[in-house]
Amino acid sequence: MSPSDLGQSLKPFVFLDLFDTEGGSISGFGLHPHSGIATLTYLLEGSVRYEDTTGATGILPQGGVEWFKAGHGAWHGGGAGESGRSRGFQLWIALPPEHELAPAESIYQAPQDIRRIGPVSVLLGKLGGVSSPLSAPSSMNYLAVRLKAGESWRYAPPTDHTVCWVALGSGSLVAPDLIQAGELAVFEPSMMEIDFHAEADAEFVLGSAASHPYALVLGRYSVHTSQASLRAAERHLAEIKAQLQREGRL
């Protein structure tokens, strides 16, 4: 999904990419700018190299998380890590006005830093008594779930969450309709619990949130709530670009 299509209905979740690469470069992972959003990258398999203009650089391993809250503007990127296949999800989250022009923040979590409950890794938000150490910009949950064939799991959305979707990285899932690998399914607003049953070993992510009540004002790599905020961030991104060019990084 992207901010110009399904993201309009699922905001604050505005972009989702399921990437799958065998060595070489990862499309869209070269050094590039963002503002007005937070990105969360979760590795299902393999590893990726990362860097950003907050000064961080390294290798994100399988099961790790990159949290990059771009705010008023920053650049990040990377590419293939160690040799072999790399698979994962990258999610964009639209920030509310009080966060969209804040300083950039980047946090890189090793697999052992991710908090879990049953088959669920809590990437953002809270499930049961388990909370992510990452601070979500608004009321939301973002969960990664692994089920073996024949296993079931039930999700009870918080009462203020009117947005809910699931995206399947591998396997097949019934919830109650059949969802296949590579598909994203959207649930109607409801306070009912959602039952998931794996017909084959399944890896999926689920997002639920209170709806983002602001317009999506789009730049090439940015999402803001107003033209004024977008212009302010683009000026800052241009300053960073000039510095990167002076350093020979672009």
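How far CD of E234 is from CD of Q227: 8.5 Å, rounded to the nearest 0.5 Å. Atom OG1 of T53 is separated from atom CD of E247 by 9.5 Å, given to the nearest 0.5 angstrom. Annotation: the span from L178 atom CG to H197 atom NE2 amounts to 11.0 Å, rounded to 0.5 Å. D52 contributes atom CG, which lies 9.0 Å from atom CG of L31 (distance to the nearest 0.5 angstrom). L95 contributes atom CG, which lies 7.5 Å from atom CD1 of I37 (distance to the nearest 0.5 angstrom). For the atom pair OG (S172) and CD1 (I179), the distance works out to 10.0 Å, reported to the nearest 0.5 Å.
Taking 4.5 Å as the limit, every side-chain heavy atom of T21 sits out of range of all side-chain heavy atoms of R85. At least one side-chain heavy atom of H32 sits less than 4.5 Å from a side-chain heavy atom of H76. Counting heavy atoms from C-beta on, the side chains of L184 and L10 come closer than 4.5 Å. Residues V145 and F196 fail the side-chain proximity criterion, which asks for heavy atoms closer than 4.5 Å. Residues V122 and S131 have side chains not in contact (no heavy-atom distance under 4.5 Å, counting atoms from C-beta outward). Counting only heavy atoms from C-beta outward, the side chains of P158 and N141 approach each other to under 4.5 Å. Side chains of L123 and L40 form a contact here, defined as non-hydrogen atoms less than 4.5 Å apart. Side-chain contact check for S222 versus P33: every heavy-atom pair is 4.5 Å or farther apart.
Of the possible polar contacts, one joining the S132 side chain to the L134 backbone as a donor-acceptor pair under 3.5 Å is found. Side chain of E183 to main chain of Q180: a donor-acceptor pair is present (N/O by atom type, distance under 3.5 Å, no hydrogens or angles). Checking side-chain atoms of R249 against main-chain N and O of L244 turns up no donor-acceptor pair under 3.5 Å. Under a 3.5 Å cut-off, the side chain of S86 and the backbone N or O of S47 do form a donor-acceptor pair. Side chain of E199 to main chain of V174: no donor-acceptor pair is present (N/O by atom type, distance under 3.5 Å, no hydrogens or angles).
T39 and Q90 form no side-chain donor-acceptor contact under 3.5 Å, judged by distance and modelled atom types alone. Side chain to side chain, E239 and Q243 fail the donor-acceptor criterion of an N or O pair below 3.5 Å. E66 and Y50 share no donor-acceptor pair across their side chains, judged by distance under 3.5 Å alone. Defined by atom type and a distance below 3.5 Å, a donor-acceptor pair is present between the side-chain atoms of W67 and E105. When only modelled atom types and interatomic distance are considered, H72 and S35 share no side-chain donor-acceptor pair under 3.5 Å.
Minimum interatomic distance between S139 and D160 (heavy atoms only, all atoms of both residues): OG-OD2, 2.9 Å. Listed here is the closest heavy atom pair of S121 and R116: OG-NE, 3.4 Å. Nearest heavy atom pair, residue L218 against residue L230, reads O-CD2, 3.7 Å. Contact between T54 and S106 at its shortest, heavy atoms only, is OG1-OG, 2.8 Å. Scanning all heavy atoms of the two residues, the minimum distance from Q109 to L60 falls at O-CD1, 4.0 Å. In plain terms, the two heavy atoms of S229 and H224 that are nearest each other are CB-ND1, 3.7 Å.
A ring-centre distance under 6.0 Å is found for H34 and W92. Residues F187 and W165 place their aromatic rings such that the two centres sit no closer than 6.0 Å.
Cluster annotation: I194 is not connected to V186 through the hydrophobic network of ILVMFWY side chains, with a link wherever side-chain heavy atoms come within less than 4.5 Å. Both Y108 and L43 are members of a single hydrophobic cluster when ILVMFWY side chains are connected at heavy-atom separations under 4.5 Å. Y142 and W153 fall into different hydrophobic clusters, where Ile, Leu, Val, Met, Phe, Trp and Tyr are joined by side-chain heavy atoms under 4.5 Å apart, directly or via other members. No continuous path of hydrophobic side-chain contacts links L143 to V65 [ILVMFWY only; heavy atoms under 4.5 Å]. Cluster membership for L16 and I93, using ILVMFWY side-chain heavy atoms within less than 4.5 angstrom, is shared.
Scored by the side chain to side chain contact (heavy atoms under 4.5 Å, CB included) test, A94 finds V14, H212, L216, V223 as partners (sequence neighbours excluded). Legend: residues meeting side chain to side chain contact (heavy atoms under 4.5 Å, CB included) with Q62, ordered by chain and number and at least two apart, are E45.
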Q: Decide side chain to side chain contact (heavy atoms under 4.5 Å, CB included) for T225 and V217; before the verdict, give the C-alpha distance in whole Å, the side-chain angles of both, and the deciding distance to 0.1 Å.
A: CA-CA 6 Å; T225 65; V217 179; 6.0 Å; no
**Q.** Residues M140, S138; criterion side chain to side chain contact (heavy atoms under 4.5 Å, CB included); working and verdict
**A.** CA-CA 6 Å; M140 69 180 65; S138 57; 3.3 Å; yes
Q) Which is it for L91 and F15 under the side chain to side chain contact (heavy atoms under 4.5 Å, CB included) test, yes or no, and what are the steps along the way? A) CA-CA 6 Å; L91 175 71; F15 175 92; over 6 Å; no
(Q) Run the side chain to side chain contact (heavy atoms under 4.5 Å, CB included) test on F13 and M1 for me, step by step, so that the C-alpha distance in whole Å, both residues' side-chain angles and the decisive distance to 0.1 Å come before the verdict. (A) CA-CA 9 Å; F13 307 108; M1 65 172 169; 3.7 Å; yes
Please tabulate, for the side chains in residues 201-211, all donor-acceptor contacts under 3.5 angstrom to protein atoms that are two or more places apart in sequence or on a different chain.
residue: D201; atom: OD1; partner: A149; partner atom: N; Å: 2.8
residue: E203; atom: OE1; partner: R87; partner atom: NH1; Å: 3.2
residue: E203; atom: OE1; partner: R87; partner atom: NH2; Å: 2.9
residue: E203; atom: OE1; partner: S170; partner atom: OG; Å: 2.7
residue: E203; atom: OE2; partner: R146; partner atom: NH1; Å: 2.5
residue: E203; atom: OE2; partner: R146; partner atom: NH2; Å: 3.3
residue: S208; atom: OG; partner: Y155; partner atom: OH; Å: 2.5
residue: S208; atom: OG; partner: H161; partner atom: ND1; Å: 2.8

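Under a cut-off of 6.0 angstrom, the local environment of CE in M191 is crowded, with over 12 non-hydrogen atoms contributed by other residues, nucleotides or ligands. Counted within 6.0 Å of CD on E188, heavy atoms from surrounding residues, nucleotides or ligands total 12 or fewer; the atom is thus considered open.
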